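Below: the structure, in structure tokens.
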Amino acid sequence: MAKGLRKSLTSYGDDAFALFLRKAFIKAMGYSDDALERPIVGITNTYSDYNPCHGNVPDLIEAVKRGVMLAGGMPMVFPTISIHESFAHPTSMFLRNLMAMDTEEMIKAQPMDAVVVIGGCDKTLPAQIMAAASVDLPTIVVPVGPMVVGHHKGEVLGACTDCRRLWSAHRAGELDEAEINAVNGRLAPSVGTCMVMGTASTMACITEALGLALPMSATIPAPHAERLRLAEASGRRAAEMAVSGGPRPSELLTPAAFRNAAVVLQAIGGSTNGIIHLTAIANRTPHGFALDTLDEIGRKVPVLVDLKPSGAHYMEHFHHAGGVPKLLQQLGELIDVSAATVGGGTLADVVAGAEEVPGQDVIRSRDNPIKAEGSMAVLYGNLAPGGAVIKQAAASPRLISHTGRALVFDSVEDMAARIDDPDLDVTADDVLVLRNTGPKGAPGMPEAGYLPIPKKLGRQGVKDMVRISDARMSGTAFGTIVLHITPESAAGGPLGAVRSGDMIRLDVASRRIEVLIDDAELAARMARLAETPAMARPARGYGRLYHDAVLQADEGCDFDFLVRKPPE
Ligand code: FES
């Protein structure tokens with residue numbers, strides 16, 4: 001098989017000429033023949049002025065390049081799409097598959113023997129790993145790392161769990177304009193990803209658990225020198241993989257690896273978005289991943305990591321306590337340590353190298369967990385025939401079994417227009433319902449599932465209510481919130497048939513979410529729904545592709561033509 005510069009030649013009908021031309025052009029950059037004969041390691045560049053989470057990417061690239069060259073390889077940096085949560089309209093989820101396609105196609109189109117993908121902000125690692133799974137070229141992942149914590153008036157602050165908490169306090173009149181502005185400058189004090197157990201941290205931990213990144217890569221803070229050394233080591237390892245041709249993602253992304261990742265997802269109190277991304281990655285392989293497996297694992301796996309939003313600490317504290325290797329060690333036989341890693345060994349080697357930190361209280365033992373059950377549960381019922389998800393670790397214990405009157409919002413816009421109306425007919429026992437916010441509906445499945453507490457209730461001290469939707473929720477949020485209701489209302493799901501005043505029952509123990517109307521009435525309402533015109537199909541461009549091809553949440557919201565179907 002062709003290697004190095006001879007790979008992926010441009011089609012001219014004459015490969016020798018294609019190579020001659022390629023060399024002629026690349027020599028314009030000053031490369032020698034010696035450099036061009038080396039094994040090539042591609043390095044993705046996701047630096048963008050619109051992506052502060054990736055602010056350290058240029059430094060990481062330099063460190064990776066150094067590692068590649070120390071090992072005798074030739075590094076080639078190339079740009080791909082970069083996505084930041086706050087700079088992605090309509091949502092970052094809408095763009096994830098575009099980044100996955102871009103990354104996949106550019107890895108395939110350009111000559112490289114191995115690739116280092118550098119990412120971190122929520123959707124970037126999933127997109128890059130989905131791409132890597134589809135290309136199946138030796139790949140090593142370098143997360144950008146979490147931010148360090150901020151401080152305000154003696155209090156430790158973290159993006160963006162504290163963004164939400166303090167914004168809610170401001171809405172309730174507890175924080176004035178001057179103080180909320182001061183907080184605004186202290187929530188994100190460095191480059192790197194959100195330092196709570198949000199989606200970025202969750203996906204970095206999952207990446208490490210899947211064996212796709214070197215040990216401790218999930219937790220080393222973004223500004224630390226240790227992260228640059230990790231990047232250098234990753235470059236070195238990528239150069240070795242470029243020569244040996246492995247391991248490839250298909251050798252690492254096995255059923256055991258996906259199960260390990262799901263165990264870690266539950267044990268870290270991870271983001272609900274992690275379920276969608278893990279499913280999307282798994283569906284790029286022959287193995288797939290079922291929601292029921294996550295629930296079954298959650299009944300056995302305790303939450304061990306004490307991080308916000310479910311717990312008390314931040315990513316740098318997780319790191320100093322021993323990081324993912326220590327967590328894997330604490331999980332014991334719940335982890336299949338025979339799973340191979342990109343480092344060339346197995347998770348058993350990673351566990352053996354875990355650091356013992358005396359007195360640390362961030363990574364608990366199994367006989368002293370944060371919560372006895374996993375952080376997430378999968379619900380079913382007449383409202384969610386295809387499943388729904390609740391992060392029970394972040395829910396109020398008094399609400400996890402609750403029946404209340406539905407208050408329905410038809411869209412994000414409807415909610416924004418009415419939620420703070422002083423005359424809104426709402427009590428703390430009601431169930432807030434938001435629909436048309438699924439993968440197709442909004443579109444892009446916005447993180448709108450964390451419906452704000454209506455202002456009039458917030459001022460009375462109400463901090464949590466049952467909230468249900470077909471939307472997602474930021475991994476940094478908390479509350480008794482049912483998400484990812486499938487099928488979504490815009491795809492004809494029963495959520496579209498709920499009316500304000502219906503009674504809704506949530507019972508996490510029995511894994512049920514139901515609207516308490518009889519089957520005949522629900523069927524009649526569903527039939528009337530079917531008569532209403534489908535949502536408008538975008539006239540052109542990526543929006544049209546997205547509308548036509550996006551799958552539901554239980555299938556990872558990938559495009560139907562990108563998943564790998566199991567062999568017949
Ligand atoms: Fe980038 Fe939170 S906004 S990780």
Side-chain angles (χ1 to χ4, degrees), residues 44-58 60 80-96 99 117-129 141-150 156-167 183-208 213 217-224 227 265 268-274 276-277 307-310 314-316 318-319 391 394 444-450 472-478:
T44 63
N45 183 2
T46 54
Y47 180 81
S48 161
D49 283 349
Y50 291 106
N51 193 344
C53 295
H54 289 203
N56 60 343
V57 164
L60 291 174
T80 72
I81 291 172
S82 189
I83 307 170
H84 184 274
E85 287 301 291
S86 298
F87 290 91
H89 179 80
T91 71
S92 58
M93 192 67 183
F94 179 74
L95 297 167
R96 184 202 63 182
M99 181 174 179
V117 295
I118 304 175
C121 193
D122 293 20
K123 307 302 174 291
T124 58
L125 287 181
Q128 291 171 324
I129 299 171
V141 182
V142 177
V144 298
M147 298 175 200
V148 292
V149 298
V156 175
L157 293 186
C160 235
T161 299
D162 295 309
C163 313
R164 291 166 204 286
R165 181 175 61 79
L166 295 169
W167 183 250
V183 163
N184 190 256
R186 295 172 179 174
L187 282 162
S190 77
V191 297
T193 49
C194 293
M195 64 297 233
V196 298
M197 191 49 79
T199 305
S201 302
T202 297
M203 291 312 301
C205 292
I206 283 180
T207 302
E208 208 176 313
S217 59
T219 54
I220 303 168
H224 281 199
R227 182 153 293 280
L265 177 59
I268 58 179
S271 159
T272 45
N273 286 322
I276 293 178
H277 299 317
L307 249 63
K308 297 225 176 199
S310 312
Y314 296 86
M315 283 298 277
E316 65 189 81
F318 183 22
H319 179 64
K391 187 171 181 179
M445 209 180 180
E447 291 186 336
Y450 178 78
R472 293 177 303 119
M473 172 174 85
S474 163
T476 60
F478 52 92

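Numbering of ligands and ligand atoms starts at 1, following listing order. Every value quoted in this text rests on a predicted model; they were computed, and no experiment measured them.
- There is no side-chain donor-acceptor pair under 3.5 Å between Arg472 and Thr91.
- Side-chain atoms of Thr202 and Asn273, non-hydrogen and from C-beta on, never get closer than 4.5 Å to each other.
- Among protein atoms, those of element N, O or S found less than 2.8 Å away from atom 2 (Fe) of ligand 1 are Cys194 SG.
- Listed by chain and residue number, nothing satisfies the side-chain hydrogen bond (donor to acceptor under 3.5 Å, both in side chains) test with Asn56 (two or more places apart in sequence, or in another chain).
- A donor-acceptor contact under 3.5 angstrom links the side chains of Lys123 and Ser92, judged on distance only.
- In terms of the ring pair (Phe, Tyr, Trp, His ring centres under 6.0 Å) criterion, Phe318 has no residue partners (sequence neighbours excluded).
- Considering only residues two or more places apart in sequence or on other chains, Asn184 meets the side chain to side chain contact (heavy atoms under 4.5 Å, CB included) condition with none of them.
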